2 protein chains.
Amino acid sequence: MTQPSSTVRELIRQHYSDLTQSERKFANALLENYPAAGLASITIVAGQTGVSTPTIARMVQKLGFKGFPQFHKALLKELQAKVSGPTERRANWATEAPESHLLNRFAKAVTQNIQTTFSNVPSEAFDAAAHLLADTDHTLFIVGGRITHALADYAFTHLQAVRPRVIHLTSSSATWPHYLLDMEKGDTLLMFDIRRYESNLLRLAELARDRGVAVVLITDQWSSPVAEIATHSFNCWVEIPSAWDSNVSTLMLLEALISATQEEAWPNTKDRYERLDRLFEQTRLFRKPGGA
Amino acid sequence: MTQPSSTVRELIRQHYSDLTQSERKFANALLENYPAAGLASITIVAGQTGVSTPTIARMVQKLGFKGFPQFHKALLKELQAKVSGPTERRANWATEAPESHLLNRFAKAVTQNIQTTFSNVPSEAFDAAAHLLADTDHTLFIVGGRITHALADYAFTHLQAVRPRVIHLTSSSATWPHYLLDMEKGDTLLMFDIRRYESNLLRLAELARDRGVAVVLITDQWSSPVAEIATHSFNCWVEIPSAWDSNVSTLMLLEALISATQEEAWPNTKDRYERLDRLFEQTRLFRKPGGA
DNA sequence: CCCGTTCTGAAAAAAATTTTCCACATCGAC
DNA sequence: GTCGATGTGGAAAATTTTTTTCAGAACGGG
């Protein structure tokens with residue numbers, strides 16, 4: 001993928017690690033509004049980004065251009081090439097894919113799902129659920145089904161960073177009795193169950209409830225039977241034109257919950273986060289963050 | 001500007017009868033290559049059209065602009081509007097939640113990420129990557145990092161349903177050499193690496209490439225160093241106002257890739273899907289679908 | 001906590017762009 | 001064929017944009 005005459009977009013990616021904070025500010029702005037954000041005069045571009053003109057000038061030189069005018073011309077050339085290429089005249093400027101491409105059909109369906117999902121989240125239940133997830137006085141158990149196993153894993157990784165006493169039940173239901181042994185009144189069970197609902201998840205939820213455990217359920221728009229038992233349950237719209245279901249909205253709700261949990265637990269867990277950061281530094285397996 | 005809300009295109013049509021021969025020359029050139037042909041400097045624009053600078057200057061004044069810079073700005077503004085245009089910015093997201101509720105802030109940030117991500121996917125590379133993932137004559141390896149492990153898992157679960165010969169590398173890098181042993185020329189490695197890029201993933205990618213394996217990378221907007229090596233790489237916008245990154249857009253791109261893969265591989269794998277369905281029925285662990 | 005390095009933006013200098021002015025060319029009318 | 005009106009582009013003037021310079025600020029390492 002290393003081509004001599006690459007697009008400005010590629011040039012930015014290639015040189016991104018060389019860029020300074022202010023320069024990245026412009027790089028990000030340009031990538032987010034490509035190529036329009038780079039086609040005005042250097043003065044205007046700098047003003048819109050909130051940096052000075054020399055910063056822009058220095059950056060385009062790092063990208064390999066002799067000066068801003070050359071950079072400007074390169075962007076323009078790309079724009080022109082796009083028009084003469086596929087004869088579509090009114091094509092989306094920012095998007096390369098034609099309207100009917102799978103990418104666009106997919107984006108449309110998923111955006112719709114996300115909107116519907118969010119419109120249907122009861123905010124009190126959401127806040128209450130976040131409160132449960134942030135309760136470090138009790139243990140938090142997480143479990144998912146066949147497909148949602150990955151989501152449970154994701155939830156576990158993040159919540160474990162936020163708070164102690166988080167346990168991920170492996171998806172093999174044979175091991176669940178062991179975990180049930182340790183569940184106590186006041187604990188919380190975060191559960192994922194989307195269609196092709198799994199009966200052993202329902203059984204687990206029942207047993208957990210009987211032990212005084214609060215159940216937070218993330219399910220699909222048709223609601224898993226676990227919803228009857230759950231303390232709080234949230235519906236995510238998952239349907240896409242495909243043989244399987246999309247979990248984008250599910251992940252989005254999960255992330256929102258994690259975010260709320262973190263916000264709630266922050267005073268208690270800030271130190272925890274910093275310790276985790278230091279631990280990663282020490283292992284030297286991880287590079288510094290890429291940007292802002 | 002007499003008409004504040006009319007496009008330059010419309011202005012040209014409106015004033016076309018007032019234009020002189022040379023002026024029409026530029027008008028036609030602009031309409032044919034809109035708006036790129038008007039976004040360079042007046043000198044260049046004039047040169048490309050084959051007329052003099054005063055001609056251009058007089059014409060844009062006839063169109064109602066004070067000068068060429070104003071005309072330039074108007075074109076740019078139209079271009080910019082296109083980017084944010086197709087996205088329906090919903091005024092009220094969650095029906096009941098107040099504007100400032102975390103849910104709404106979150107939805108806003110993530111929607112922005114998704115849009116930008118999709119705008120930046122090169123459709124040819126996407127199709128090519130789907131082709132690689134659908135190639136059942138070779139083995140497909142999947143690997144993720146610390147956080148993206150869950151995404152790799154998700155990808156594995158779905159792709160395994162679509163095609164045979166899919167292998168998920170556990171996130172423990174100690175076991176990777178074993179997998180490398182079995183990698184052969186023509187195989188594909190699907191890799192996730194978002195910031196806090198992991199150096200052992202880079203090493204793995206290098207070794208895989210050396211063995212003739214195609215690397216498909218899903219990374220963040222700043223690009224993992226693996227991108228240098230990858231056959232195809234895709235950038236996902238992951239930034240949210242939080243200490244960690246959102247993987248909603250990442251999952252969305254992944255699902256789109258899975259969807260494309262499935263579409264491509266369908267003739268060969270339809271039977272596989274039906275067999276899988278029957279197997280689930282037989283285990284009796286799963287209930288019938290809940291809805292539509 | 002200090003020092004050296006790197007980064008950043010205000011302002012001046014340099015280089016362009018845009019505009020204005022004016023002479024020449026073109027065209028149709030008489 | 002001459003005249004007047006209109007259209008056109010070369011070149012200078014006015015303006016703006018781009019670049020350079022430099023001093024202060026921010027950052028990171030010891």
Side-chain angles (χ1 to χ4, degrees), chain A residues 8 12 15-30 35-77 274 277-278 280-282 284 286-292, chain B residues 1 8 11-12 15-30 35-77 196 222:
Chain A
V8 172
I12 289 177
H15 293 85
Y16 198 85
S17 50
D18 301 336
L19 302 183
T20 69
Q21 208 173 343
S22 307
E23 288 167 353
R24 286 178 186 184
K25 223 166 149 185
F26 169 57
N28 291 335
L30 176 58
L39 284 172
S41 76
I42 193 172
T43 321
I44 294 168
V45 162
Q48 283 178 343
T49 315
V51 299
S52 66
T53 44
T55 301
I56 307 283
R58 279 187 294 258
M59 183 197 137
V60 298
Q61 281 180 9
K62 278 189 187 170
L63 256 46
F65 297 99
K66 196 167 165 262
F68 187 82
Q70 281 70 35
F71 165 80
H72 188 279
K73 270 177 206 160
L75 276 178
L76 210 54
K77 207 176 154 195
E274 283 162 358
D277 253 25
R278 273 200 302 281
F280 278 123
E281 283 300 324
Q282 283 165 21
R284 297 216 172 181
F286 305 92
R287 297 196 347 173
K288 291 247 171 171
Chain B
M1 236 189 282
V8 172
L11 282 172
I12 289 177
H15 293 83
Y16 197 83
S17 52
D18 301 337
L19 302 183
T20 69
Q21 203 175 344
S22 307
E23 287 167 355
R24 285 181 188 185
K25 222 166 151 186
F26 169 57
N28 292 335
L30 177 57
L39 284 172
S41 76
I42 193 173
T43 321
I44 292 168
V45 162
Q48 282 178 344
T49 317
V51 298
S52 66
T53 41
T55 302
I56 307 283
R58 279 189 291 261
M59 182 196 138
V60 298
Q61 280 180 12
K62 278 190 188 171
L63 257 45
F65 297 100
K66 196 170 163 255
F68 187 81
Q70 281 71 36
F71 165 79
H72 188 280
K73 268 177 206 158
L75 278 177
L76 210 56
K77 207 176 156 194
R196 300 252 162 168
W222 305 284

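Residue numbers begin at 1 in each chain, while the letters A, B, ... track the order of the sequences. As the structure is a computational prediction, the values presented were derived from the model and not from experiment.
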Want to settle it: does B:G67 or A:K25 sit nearer the 5' end of DNA chain C, counting the closest nucleotide to each?
A:K25
Is the ring pair B:W222/A:Y16 parallel, tilted or perpendicular, if the boundaries are 30 and 60 degrees?
tilted
Does the side chain of A:V51 come within less than 4.5 Å of A:M59's, by heavy atoms?
no
Write down the distance between CD (B:Q61) and P (C:dT18), rounded to a whole number of angstrom.
13 Å
To the nearest angstrom, the CD1-P distance between B:I42 and D:dA14 comes to 18 Å
Considering just the side-chain nitrogens and oxygens of A:S22, establish if one lies under 4.0 Å of OP1 or OP2 belonging to C:dT8.
yes
Nearest to the side chain of A:S52 - D:dT19, C:dG9, C:dT19?
C:dG9
D:dT17 C1' sits how many Å from A:Q70 CD, rounded?
13 Å
Of the nucleotides C:dT8, C:dT19, D:dT19, which one has an atom closest to the side chain of B:P69?
C:dT19
Which heavy atom of A:L19 sits nearest to which heavy atom of A:R24, and what is that distance?
O-NE, 3.1 Å
Measure from the side chain of B:T43, starting at C-beta and using heavy atoms only, and say which of D:dG10, C:dT18, D:dT19 lies closest.
C:dT18
Measure NE2/A:H72 against C1'/D:dT18 and give the value in whole Å, please.
13 Å
Distance-minimising heavy-atom pair for A:A37 and A:V45:
O-CG2, 3.3 Å
Whole-Å distance separating the CD1 atom of A:I56 from the P atom of D:dT20
16 Å
Nearest to the side chain of A:P54, which nucleotide is it out of C:dA11, D:dA11, D:dT8?
C:dA11
Does a side-chain N or O of A:S41 approach OP1 or OP2 of D:dT16 to a distance below 4.0 Å, or not?
no
Can you find a side chain N or O atom of A:T53 that sits less than 4.0 Å from OP1 or OP2 on D:dT18?
no
Choose from D:dT18, D:dT19, C:dT19 the nucleotide whose nearest atom is closest to any side-chain atom of B:A57.
C:dT19
B:K66 NZ to D:dT15 P, straight-line distance once rounded to whole Å
10 Å
For C:dC7 and A:T55 - does any side-chain N or O of the residue sit under 4.0 Å from the phosphate oxygens OP1/OP2?
no
Close side-chain approach of A:Q70 to A:L63, heavy-atom, < 4.5 Å
no
Heavy-atom nearest nucleotide on DNA chain D taken for B:D18 and for A:I44; more 5' hit belongs to B:D18
Distance, rounded to the nearest Å, where B:Q21 contributes CD and D:dT8 contributes P
6 Å
Could you tell me whether A:E23 contacts a base, only the sugar-phosphate backbone, or nothing, with contacts defined as non-hydrogen atoms closer than 4.0 Å?
nothing
If I take atom NZ in residue B:K73 and atom P in nucleotide C:dT18, what distance separates them, rounded to the nearest angstrom?
12 Å
